[in-house]
Amino acid sequence: MKASYEQLDVSVQKWLFKQGWSDLREIQKLAIEPILSGCQDVLISASTAAGKTEAFFLPASSAVANVKDGFSILYISPLKALINDQYRRLDSLAEMLEMDVTPWHGDSSQAKKKKARSTPSGILLITPESLESLLVRESGWVNSAFNSLSYVVIDEFHAFIGTERGMQLLSLLNRLEHLLDRYDKPIPRVALSATLGDLEQVPKSLRPDQSLPCEIITNSKSTATIKCQVRGFVEPASQEGNAESADTLVCSELYQLCRGDSHLVFANSRNNTENLAARLVEMCEENIVPNEFFPHHGSLSKELREDLEQRLQKGNLPTTALCTMTLELGIDIGKVKSVIQVNAPHSVSSLRQRLGRSGRRGNPSILRMFITEDDVTIRSGIVDKLRLELVQSLAMIRLLLDSKWFEPADTSQYHFSTLLHQVLAVTAQWGGVRADQLFTLLCKKGPFQNVTTEHFVSLLKHMGNTRLLTQLGSGELVLGIEGEKIVNHYTFYAVFQTPEEYRVVVGAKTLGTLPVDSLVLPSQHIVFAGRRWKVLDVDSDKKVINVEATKGGKPPKFGGSGMFTHGKIRQEMYKIYSQGDYRIDLGSQKVDFADAVARELFNEGAKYFKEANLTEESVIQSGKSVCILTWSGDRVANTLVAILLSKGVQAGSYAGVVEVENSTVTNVKRMLKDIVVTGLPTETELAEMASDKIIDKFDELVSPEILSIGFGHRVFDVKKLHSYLVSMF
DNA sequence: GACCTGCTGCGGGGTG
């Protein structure tokens, strides 16, 4: 590590020596110069456990080693848990450099905050929400405490891109640069991230106005081998006979496959996760062996989650976690033997993250997918006959392994809800502000660059009418009565929406929280934390559900609204059907990654595709209904359904297939032609007809006009539908 | 037909 090593501060070199590191990793060497230069942004993109954090902190702490007054490095994390991790990890390096490190979030100690308030110095580790509260409430102090700020570093940057929280974060950073008067000498931003879909696009997401150049650093070698298999399961049409239900087969496979080593099983929903865990725990009990199966998801208490995380990280006991995306993120749990995905995943990018959790040193990453299809009967619809879930899974694996494609972040949205939040936050921070100043700060210089002056005027006027803002005689805007109420409540600082949650309690012990959007009644049975419980009573004032242990029971309904399947996946499915082959080309060979049942299921689906002539035809009769297969993303299907509904036609969509009830192919084709001839409505017009457009936290405060614009852009895609319809005729 | 994340200031009670 000659040359690069010597550019680091002597104390940092000492620290490296003390760690016994023989050499720096590739990305760590590559990051030294661009970070030391202090005049450019840097994107460090590498997989988990590749040493990204050190790649930033070694050169950055070198550069500020002699700065004592004020914070020099601002580290921003999406998770409190990650801040606590980093605080521990930075301990010895900071000690060597005699540098302060302050963890600052809702649960961190008041004493540490108090000390940092009086003598700000070194590294500040913070969440976007806590940074927001500092700007709104103590901007004067922020101005002096950050006066010598040299770096902003954002951990898990991929978790922010294209989200409400990401827009808030970018706005916060812009407001900070504005407050510190650093527009002509911007503070370098460093983003640490898992590998991202379209790296070239990321710098624009890191600094929308591109006032600093951005260097991209990735680890080039990815020689890890991957083993992958799709297993099919068939749910029998009737419970009679000897056929075992698919769930039973899935569970016994999991039991045999997982016992004795550590694995992660992703089952998409908390509900599924709980059900699988409950059955596997019971199987251990029946066989009188120690339990190795545990659930892990966001509704479980911190204690239960941490116990499991520690058990996985220690690695001395075989442990299988039945989990949701909580174990997809950066939490340090070490690598597992294999990853099993039960049912089709929701996106290729999350499949990729999950796969990255397996692959121990010197061993391949192993991914298995368990896909269940219903036995086809006379009553089966086209979705079953085509084996759509299985083929979607095959397509996703091909895209991931063969095309190396995964969904890019969507940066085209307006985010009006978060824009409204930022208008309130800036008004509170400044006390009074002119409309043109707000527009410049948030939209022209800030991250809301898709928003026009017309949108902004509509938003502000409505905020005035609803008393969120008040205009003074001077023209300045200040918070109105309603605005004060919102800003002064502690829930103001987060920009994302959360459902109401009940605590599930047994005796004196809290098992976790359950988001309640379906009724939970006394004596009802629920599955939670991998066990079955009977509800004793529900206290709606204290938001507590008291339960006792029991056998048997029906699972609770967990809430949530869906996301969209990308059009690229549907196109890959069409390709697979058309070719009648899903295998991956490897040189002159074709690699089959399906087991016998999955292969048989695929053949059934491909046969149906061929018989129905779906290569040529995309509108077909299915019983009394007509199905339209556009082989495009869910936005296109949504658009078509909305248009049909507006014409009084009964229509719906499932898995990208639009179904028109009680009709004929001739009829539907005539309707589709009519739609093209008379012209398609705009996305906004379609949105205006939708009854419920409230998705994000502050949507209900946004003016109806721009709410429709934002909703329409998010949910519909008229242009793609148009090109599909035109291609038909 | 899904998942995840975060926030204040203050008062009361317990512990060292």
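Within every chain, numbering begins at 1; the chains are lettered A, B, ... in the order of the sequence lines, protein sequences first and strands thereafter.
With sequence neighbours excluded, the residues forming a salt bridge (Lys or Arg N to Asp or Glu O under 4.0 Å) with A/R189 are A/E177, listed by chain and number. Not counting sequence neighbours, A/D384 has no partner by the side chain to side chain donor-acceptor pair (under 3.5 Å) test. By the ring-ring contact (aromatic ring centres under 6.0 Å, His included) test, A/F71 is found to be paired with A/F146, residues two or more places apart in sequence or in another chain being considered. For A/E129, the side chain to side chain donor-acceptor pair (under 3.5 Å) partners two or more places apart in sequence, or in a different chain, are A/R165. For A/E572, the salt bridge (Lys or Arg N to Asp or Glu O under 4.0 Å) partners are A/R398, A/K575, not counting sequence neighbours.
In this structure, the CG atom of A/D696 is 17 Å from the P atom of B/dT5, given to the nearest Å. Spacing between atom CD of A/Q497 and atom C1' of B/dC3 amounts to 15 Å, rounded to whole angstrom units. Residue A/R635 contributes atom CZ, which lies 17 Å from atom C1' of B/dG1 at whole-angstrom precision. In this entry the distance linking CG of A/L322 with P of B/dA2 reads 18 Å, nearest Å. B/dG6 atom C1' lies 11 Å from atom NE2 of A/H421, rounded to whole Å. Going from atom CD of A/E274 over to atom C1' of B/dA2 covers 15 Å, rounded to whole Å. Rounded to whole angstrom, the span from the CD atom of A/E129 across to the P atom of B/dT5 amounts to 12 Å. A/N84 places its CG atom 14 Å from the P atom of B/dT5, with the value rounded to the nearest Å.
Look at A/T324 and you'll find a side-chain N or O under 4.0 angstrom from OP1 or OP2 of B/dC4. For A/T491, no side-chain nitrogen or oxygen approaches OP1 or OP2 of B/dG6 to under 4.0 Å. Taking only side-chain nitrogens and oxygens, A/R270 never comes nearer than 4.0 Å to OP1 or OP2 of B/dA2. The phosphate of B/dT5 (OP1 or OP2) has a side-chain N or O of A/R305 nearer than 4.0 angstrom.
Both A/P128 and A/N268 sit near DNA chain B, but only A/N268 has its closest nucleotide nearer the 5' end.
In this structure, the aromatic ring of A/F496 is positioned over the six-membered ring of the base of B/dT5, centres within 5.5 Å and planes within 30°.
Other residues, nucleotides and ligands place no more than 12 heavy atoms under 6.0 Å from the NZ atom of A/K720.
Looking at the side chain of A/H346, the nearest of the listed nucleotides B/dG6, B/dA2, B/dG1 is B/dA2. The side chain of A/H297 lies closest to B/dC4, out of B/dC4, B/dT5, B/dC3.
A/A159 comes within 4.0 angstrom of nothing in the nucleic acid, heavy atoms only.
Note on ring orientation: taking the six-membered ring where Trp is involved, the planes of A/F157 and A/F160 are tilted (angle from 30° to 60°).
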Interface polar pairs with nucleotides 8-13 of chain B, N/O, under 3.5 angstrom:
from: B/dT8; atom 1: O3'; to: A/R137; atom 2: NH2; distance (Å): 3.2
from: B/dG9; atom 1: OP1; to: A/R137; atom 2: NE; distance (Å): 2.8
from: B/dG9; atom 1: OP1; to: A/R137; atom 2: NH2; distance (Å): 2.1
from: B/dG9; atom 1: O5'; to: A/R137; atom 2: NH2; distance (Å): 3.4

